[in-house]
Amino acid sequence: MTTMTPGRELPHPEPDRIRLAEVLHALADPMRMRVVCRLAEAGAELACSEVELPVTKSTSTHHFRVLRESGVIRQAYRGTAKMNALRGEELETLFPGLLAAVLAAADAQAARLGPAGD
């Protein structure tokens with residue numbers, strides 16, 4: 001786990017508190033799926049600013065919060081940047097094959113409709 005600056009820690013659900021319905025709700029939104037796909041593509045932590053979304057900053061913040069609170073991503077401050085990473089291993093343990101299936105479906109949709117097909 002990463003070290004976070006005291007007072008700048010963000011709440012994350014423990015794995016035993018992550019619920020399938022909340023994960024699916026988080027993944028059902030096209031903007032949040034865009035975030036998840038970008039994080040999966042990067043294979044590493046990304047700052048919020050490295051994930052381009054065609055929405056206002058406050059709406060972007062909302063989408064990241066929903067993903068964090070549902071257990072899909074982990075966020076940690078590094079200086080002034082809020083870094084984001086998929087909780088891939090934890091999700092795989094809890095819901096085997098779910099994230100891979102969702103990412104494959106997103107790729108298939110993008111191939112069929114184009115990247116703006118959300």
Looking at every non-hydrogen atom in both residues, tell me the closest pair between [X] and [Y] and how far apart they are.
X     : Y     : result
Met83 : Ala47 : CE-N, 3.6 Å
Pro11 : Arg68 : O-NH1, 2.8 Å
Glu50 : Arg38 : O-NE, 3.6 Å

Find out if a path of hydrophobic residues (ILVMFWY) with successive side-chain heavy-atom gaps under 4.5 Å connects [X] to [Y].
X     : Y     : answer
Leu67 : Phe95 : yes
Val36 : Leu94 : yes
Leu53 : Val66 : no

Atom [atom1] of [X] and atom [atom2] of [Y]: how far apart are they, to the nearest 0.5 Å?
X     : Y     : atom1 : atom2 : value
Phe64 : Thr59 : CZ    : OG1   : 12.5 Å
Arg65 : Ser70 : CZ    : OG    : 11.0 Å
Gln75 : Lys82 : CD    : NZ    : 5.0 Å
Cys48 : Asn84 : SG    : CG    : 4.0 Å
Ser60 : Glu52 : OG    : CD    : 10.5 Å
Glu90 : Arg74 : CD    : CZ    : 5.0 Å

Can you list, pair by pair, the side-chain donor-acceptor contacts under 3.5 Å of residues 16-27, counting residues two or more places apart and other chains?
unit_1	atom_1	unit_2	atom_2	d
Arg19	NH1	Asp16	O	2.9

What's the verdict on salt bridge (Lys or Arg N to Asp or Glu O under 4.0 Å) for Glu45 and Arg78, showing C-alpha distance, side-chain angles and the deciding distance? CA-CA 11 Å; Glu45 287 186 335; Arg78 303 273 189 283; 2.9 Å; yes
Going by heavy atoms in the side chains, are [X] and [Y] under 4.5 Å from each other?
X     : Y     : answer
Thr93 : Pro15 : no
Arg34 : Val51 : no
Glu92 : Leu99 : no
Arg87 : Val72 : no

Regarding Thr61 and Ser58, is there a side-chain donor-to-acceptor distance under 3.5 Å anywhere?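 No.
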